[in-house]
There are 2 protein chains.
Amino acid sequence: MSRELGTAQPKYLRIAAELRAILERGDYGPGDRLPGENTLAADFGVASLTMRQALALLRSEGLVGSRKGSGWYVEAFRPIRRHGIPRVARAQWGSGKTIWSADDDRAPDVDQVNVAEGETPPQHIAAVLELAEGEAVCIRSRRYVVEGRPVMLAASYLPQALVADTAITEANPGPGGIYARLADLGHAPVRFREEIRVRVPSAEEATRLSLPADRSVIKVARTAFDGEGRAVEINEMTMDSAAYVLDYEFGA
Amino acid sequence: MSRELGTAQPKYLRIAAELRAILERGDYGPGDRLPGENTLAADFGVASLTMRQALALLRSEGLVGSRKGSGWYVEAFRPIRRHGIPRVARAQWGSGKTIWSADDDRAPDVDQVNVAEGETPPQHIAAVLELAEGEAVCIRSRRYVVEGRPVMLAASYLPQALVADTAITEANPGPGGIYARLADLGHAPVRFREEIRVRVPSAEEATRLSLPADRSVIKVARTAFDGEGRAVEINEMTMDSAAYVLDYEFGA
DNA sequence: CAGTGGTCTAGACCACCAA
DNA sequence: TGGTGGTCTAGACCACTGC
């Protein structure tokens, strides 16, 4: 028995576990509306705030979502698999495919595209790009939306001096994306590092991704190095942690 | 101005942001005790439950920790950098510059070591290991503790038929670990896949890792394939999401 | 023992949604 | 307009810490 009789769990955790079991058993289908929190609170015999605590926990896991003035709903979204290491990376650069569409996941819509030139970079970006004091960057930012749900924000930082007056500063950088353009400039990326951490979203990130404040996000910082070992681009991605499975495949 | 006058944020978020700024400014050093939540609530002019909401948010980020009956403390732990792709497998790539600071793999203490033979595997494990109906696995589980703080749980699943009566079923599998023993058996791992997702810890995981219920965990499932493409081991890791930076480096 | 964090309650007000 | 989730309050009881 793994019932843990001695260490009685608090009510909100027991209710959360019970709700989780009910949802995984399939009593409610994806997208279905749950009873209101007052109804549920009465059913479970607890105060509504306690009920909210349990529901909020399930929401932070991505199992349910809430709409103000409307109700609680079973989350219907299927996670996206992102392949961090493209299978045949280099061959795809000239082929018109972007890094993203090389992944085996659903094609996203891209919106909130913005290119800003001559920006002052954050300190940790400037350090990795080895910029001189006061040197500027070009920032390409965008949002990815899958099946109507915003799932990722991304911001690419490139040295302004490197990309000025090239297609990289255009909203559409042309076939092969910015890596193909960097190759045109003699700075083809040959090596990448992806650093991953989990954070609480900033207020702006929570808004743009329509996330509850207690949902965590996955931060992936991808640094591209050219043949001389110079960092030529940093792509900082911010993903809804409930929407993604990251995937890395490599040899021994 | 990015003050967001129109969309007034709730008090607990504004207070959390203010506290975050105070902590990052360094008013309190690592390990320092903060004023009690009642004192803080009075200072900020809110009810203590509202104050708790703000503190709990910072705790879920790993910025502060609480000890029942004692107080709130500034978290002193420096994140660990885990290299998903072993150094030996990487060429002599220079440039140590990284986006986020974290210490490289401090040597952990390993405790709660357990080897269980003849176990029935979870369904998703059996599927990847391509086990026949009813076929058993050997489960090697352990906990990693760094500087007195439990940071990761790991459980390796191997086909029982493959490892029976080998050193792999011993608590100490000998020099080179279980991969060397798999090589001895003619099943040296030559390819790996790591799948990463973020979850809320189970009650058992929260207990074994001493995590607050609202702290998320990083799940890494590492599958090892031998030369014939057979999955010979799955290592399911569960990490405190505030304790780790994952790092993958690879060529184009 | 006093003080602390953890849980829980009852009730209030607001913004938002749907009929 | 009534119901819903989101926020906030005041206060209670408990378990634990540390003197």
Side-chain angles (χ1 to χ4, degrees), chain A residues 4-19 28 31-60 63-75 201 203 206-207 210-215, chain B residues 4-19 28 31-60 63-75 201 203 206-207 210-215:
Chain A
E4 296 195 327
L5 284 168
T7 60
Q9 286 205 311
K11 286 185 186 178
Y12 75 93
L13 285 181
R14 280 189 283 116
I15 292 174
E18 201 164 329
L19 271 176
Y28 296 91
D32 282 3
R33 183 179 182 280
L34 300 180
E37 58 187 47
N38 292 311
T39 309
L40 285 171
D43 289 354
F44 282 101
V46 295
S48 55
L49 187 62
T50 304
M51 193 66 227
R52 267 191 79 69
Q53 241 183 312
L55 286 165
L57 195 55
L58 297 195
R59 180 177 52 193
S60 81
L63 288 179
V64 302
S66 60
R67 290 205 281 277
K68 202 201 288 208
S70 174
W72 293 83
Y73 298 84
V74 179
E75 191 53 65
T207 302
S210 305
L211 296 180
D214 53 0
R215 169 78 50 81
Chain B
E4 298 195 326
L5 285 169
T7 61
Q9 285 205 314
K11 287 185 187 179
Y12 75 94
L13 285 181
R14 281 188 282 116
I15 292 174
E18 201 164 329
L19 271 176
Y28 295 91
D32 281 2
R33 183 179 181 282
L34 299 180
E37 58 187 48
N38 291 311
T39 310
L40 285 170
D43 289 354
F44 282 100
V46 295
S48 55
L49 187 62
T50 304
M51 194 65 227
R52 267 190 79 69
Q53 240 183 314
L55 286 165
L57 195 56
L58 297 195
R59 180 177 52 191
S60 82
L63 288 180
V64 300
S66 61
R67 290 204 282 279
K68 200 201 289 208
S70 174
W72 293 83
Y73 297 83
V74 179
E75 191 53 65
T207 303
S210 305
L211 297 179
D214 52 2
R215 169 78 50 80

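All chains are named by letter (A, B, ...) in the order of the sequence lines, taking the proteins before the strands, and each is independently numbered beginning at 1.
Residues L55(A) and L49(A) each lie close to DNA chain D; by heavy-atom proximity, the contact nearer the 5' end of the strand is made by L55(A). Where R67(A) and Y12(A) meet DNA chain C, the nucleotide closest to each residue was compared, and Y12(A) sits on the side nearer the 5' end.
Applying the 4.0 Å criterion to OP1 and OP2 of dT4(D), one finds that W72(A) has every side-chain N and O outside that range. The side chain of R59(B) places an N or O atom within less than 4.0 Å of a non-bridging phosphate oxygen (OP1 or OP2) of dG6(C).
The nearest pair of heavy atoms linking R215(A) to S60(A) is NE-O, 3.2 Å.
Distance, L40(A) CG to dG3(D) P: 17 Å, rounded to whole Å. Atom CG of N38(A) is separated from atom C1' of dG3(D) by 9 Å (rounded to the nearest Å). Whole-Å rounding puts the Q53(B) CD to dT9(D) C1' distance at 12 Å. As rounded to whole Å, 18 Å separates atom C1' of dT9(D) from atom CZ of F44(B). Atom CZ of R14(B) and atom P of dG6(D) are 18 Å apart (whole Å). Per the geometry, CE belonging to M51(B) stands 15 Å off C1' belonging to dT4(C), to the nearest Å. Between the CZ atom of R33(B) and the P atom of dG18(D) there is a distance of 10 Å, rounded to whole Å. We find that CD of Q9(B) is positioned 16 Å from P of dG6(D), with the value rounded to whole Å.
Side-chain proximity of K68(B) to dG5(D), dT7(C), dG5(C): nearest is dG5(C). Looking at the side chain of K11(B), the nearest of the listed nucleotides dC8(D), dT4(D), dC8(C) is dC8(D). Listed nucleotides dG5(C), dG5(D), dC8(C) differ in distance to E37(B); the shortest reach to its side chain belongs to dG5(C). Of the listed nucleotides (dT9(D), dT9(C), dT7(D)), dT9(D) has the atom at the smallest distance from the side chain of T50(B). Listed nucleotides dG5(D), dC8(C), dG18(D) differ in distance to S70(B); the shortest reach to its side chain belongs to dG18(D). Between dG6(D), dT7(C), dT9(D), one nucleotide has an atom nearer to the side chain of R52(B) than all others, and that is dT7(C).
Side-chain contact between T50(A) and K11(A) is present, with heavy atoms from C-beta onward closer than 4.5 Å. Using a 4.5 Å cut-off on side-chain heavy atoms (C-beta onward), M51(B) and T39(B) make no contact.
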query: Stepwise, does the side chain to side chain contact (heavy atoms under 4.5 Å, CB included) test hold for Q53(B) with V46(B)?
result: CA-CA 11 Å; Q53(B) 240 183 314; V46(B) 295; over 6 Å; no
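Checking each of V64(A), L19(A), L40(A) against W72(A) for a side chain to side chain contact (heavy atoms under 4.5 Å, CB included) leaves exactly one that passes, namely V64(A).
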